[in-house]
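Inspection log for the structure reproduced underneath, given as structure tokens.
FYI, side chains are in, hydrogens and waters are out, and symmetry mates aren't considered; it's all heavy atoms of this structure.
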Amino acid sequence: MSDQITHRRVLNIAIPIVISNATVPILGAVDTGVVGQMGAAAPIGAVGIGAVILSALYWIFGFLRMGTTGLAAQARGAGDVGETGALLMRGLLLGFAAGVLFILGQAMLFAGAFWLAPASAEVERLALDYLSIRIWGAPATIALYAITGWLIAVERTRGVFVLQLWMNGLNIVLDLWFVLGLGWGVEGVAIATLFAEWTGLALGLWLCRDAFAGDQWRNWARIFDPVRLRRMLTVNADIMVRSVLLTGSFTTFLFIGSDLGDVNLAANQILLQFLEVTAFALDGFAFSAEALVGGAVGARDRAQVRRAAVVASQWGVGGAVGLGLVFWLAGPAIIDLMATSPEVREVGRDFLFWAALAPVLGVASWMFDGIYIGGTWTRDMRIAMIQSVTAYVVALVVLVPIYGNHGLWAALMVLNVARGLTMWLRYPRLEAQVAS
């Protein structure tokens, strides 16, 4: 590769991602806050359940972000400009097609969602109003996964930051105007998000304008080349299986926790927010690994693959240790801020050390995810996840009956350690496949 991998280069990729991730919870708080001003509980519940339903549906295609990053970074590293542009087009077309299918099948999808998660008649009515508006943004939202992945691949994460800032900022302004100013209620929140999604897509396409500078974006023979399509689908399928298993593991954690009493459940919910912050922070360094490892693999430069993995991971480890210290020292005050119940506060403190340990024990899994995605070693990542989830299930069966909630948290740590360990054991063989 012509550009050397430096600490500055890693930070140039990581910092905009960390900052843009920080804007995500703000939007959720504003959405909840503006409908809360309506003076009733049903609108808050409707927006909450509606957002969860759409997030779950759109998440099915979340692999587009990771798959596009790995493949486009490799094409860039190989100097294949045509394939870099073609990959973006494949992602956009797949995103639009998926969004159209969601629009056409919305009645069945929403009926199934309310069957799985029933609510009161009033909440369901308002949620359906919200969903019937928001669903028209599906093509834009899913296509944005591909745009975000492409921008990360070409190391333009400042563009990702600008995109996130525009969408969340516009959404917040329109929320305030439509709901508090015009009194549109739940529909106003949905319309605000719809505007943000489609204008975000327009901005995203402009940020990716280099991909449309030549004719590569309309080279249909290349875009629909069976070999390249097959590779893209294989990579994305592996990532989807991995993501389903990971999400299922956290869902299992929540379900088992709900059987350990309301106080434990509430404390766990608070401490899981610490893990969400960890994910937002470490994502930046994992994304750096995706872009830089992918570029080095595309250039067939084994030394630079190692360099990218090491430098990005050094920052990841530093960030994880810092987060762990912050959680340990500031955790009691954060718990008090998030809960008023003395019992929940006390139990939260009892289990705080697990939340403080989580970044340190889990950083290897985050970083290797980025490394494997960049290298498109997704088959091995899928196998490692299957092995890790197996270890997690065994830990749940053994530890929870004996140690209760401590056993539940210990099992979650087993999952994180197993993910890092299984990928670390496979890494030397995969790196060796990159020609020097």
Side-chain angles (χ1 to χ4, degrees), residues 19-59 61-62 95-96 98-100 102-107 109-111 113-114 117 119-145 147-148 159-207 276 280:
I19 297 173
S20 65
N21 281 348
T23 68
V24 176
I26 297 173
L27 175 60
V30 172
D31 277 350
T32 301
V34 293
V35 294
Q37 301 304 307
M38 297 171 64
I44 299 175
V47 169
I49 196 171
V52 167
I53 289 170
L54 288 180
S55 294
L57 290 174
Y58 296 162
W59 170 86
F61 291 89
F96 274 111
V100 170
F102 280 151
I103 291 171
L104 294 176
Q106 59 181 286
L109 291 171
F110 298 158
F114 289 129
S120 69
E122 177 68 5
V123 168
E124 287 194 8
R125 182 185 65 78
L126 290 172
L128 190 58
D129 291 341
Y130 174 88
L131 289 166
S132 63
I133 295 170
R134 277 284 315 273
I135 195 66
W136 290 94
T141 300
I142 301 173
L144 278 165
Y145 291 150
I147 288 174
T148 301
V160 177
F161 169 67
V162 169
L163 185 57
Q164 195 76 49
L165 188 64
W166 166 260
M167 292 178 63
N168 290 342
L170 179 65
N171 203 336
I172 288 170
V173 170
L174 294 180
D175 267 349
L176 297 173
W177 182 23
F178 292 162
V179 180
L180 301 184
L182 301 179
W184 290 358
V186 169
E187 291 90 344
V189 175
I191 294 170
T193 306
L194 186 65
F195 268 104
E197 288 166 337
W198 280 105
T199 59
L201 176 63
L203 176 59
L205 291 172
W206 182 81
L207 291 169
E276 187 171 353
F280 281 153

For the residue pair [X] and [Y], establish whether any side-chain heavy-atom pair is separated by less than 4.5 Å.
X	Y	result
Tyr130	Ile53	no
Glu122	Leu126	yes
Leu203	Val162	yes
Thr193	Ile133	no
Leu170	Trp166	yes
Phe178	Val189	no

So which heavy atom on [X] is nearest to which on [Y], and how close?
X	Y	answer
Gly188	Asp175	O-OD1, 4.4 Å
Met167	Glu197	CE-CA, 4.0 Å
Trp198	Gly137	NE1-CA, 3.6 Å
Leu163	Gly204	CD1-N, 3.8 Å
Arg134	Leu194	O-CD1, 4.3 Å
Val100	Pro139	N-CG, 4.0 Å

Problem - Pairs satisfying salt bridge (charged side-chain N to carboxylate O under 4.0 Å, His left out), at least one member in residues 160-172, at least two apart - result: none
Practice task
Sort and list the pairs that fulfil salt bridge (charged side-chain N to carboxylate O under 4.0 Å, His left out) and have at least one residue in residues 182-191, not counting sequence neighbours.
Solution key: none
Handout entry: More than 12 heavy atoms from other groups under 6.0 Å of CH2 on Trp59
Key = yes
Problem - Heavy atoms of other groups near Phe195 CZ, more than 12 under 6.0 Å - result: no
Distance, nearest 0.5 Å, that separates [atom1] of [X] from [atom2] of [Y]:
X	Y	atom1	atom2	result
Trp184	Leu174	CH2	CG	9.5 Å
Leu128	Phe110	CG	CZ	7.0 Å
Leu54	Ile135	CG	CD1	5.5 Å
Leu144	Tyr58	CG	OH	11.0 Å

Just jot down the side chain to side chain contact (heavy atoms under 4.5 Å, CB included) partners of [X], sequence neighbours excluded, or say none.
X	answer
Ser55	none
Leu109	Leu57, Phe102
Ala98	Phe61, Ile142
Leu176	Val34, Ile172, Leu180

Problem - Whether Ser132 side chain and Asp129 backbone form a donor-acceptor pair below 3.5 Å - result: yes
Practice task
Keeping the roles fixed (side chain from Gln164, backbone from Phe161), state whether a donor-acceptor pair exists under 3.5 Å.
Solution key: no
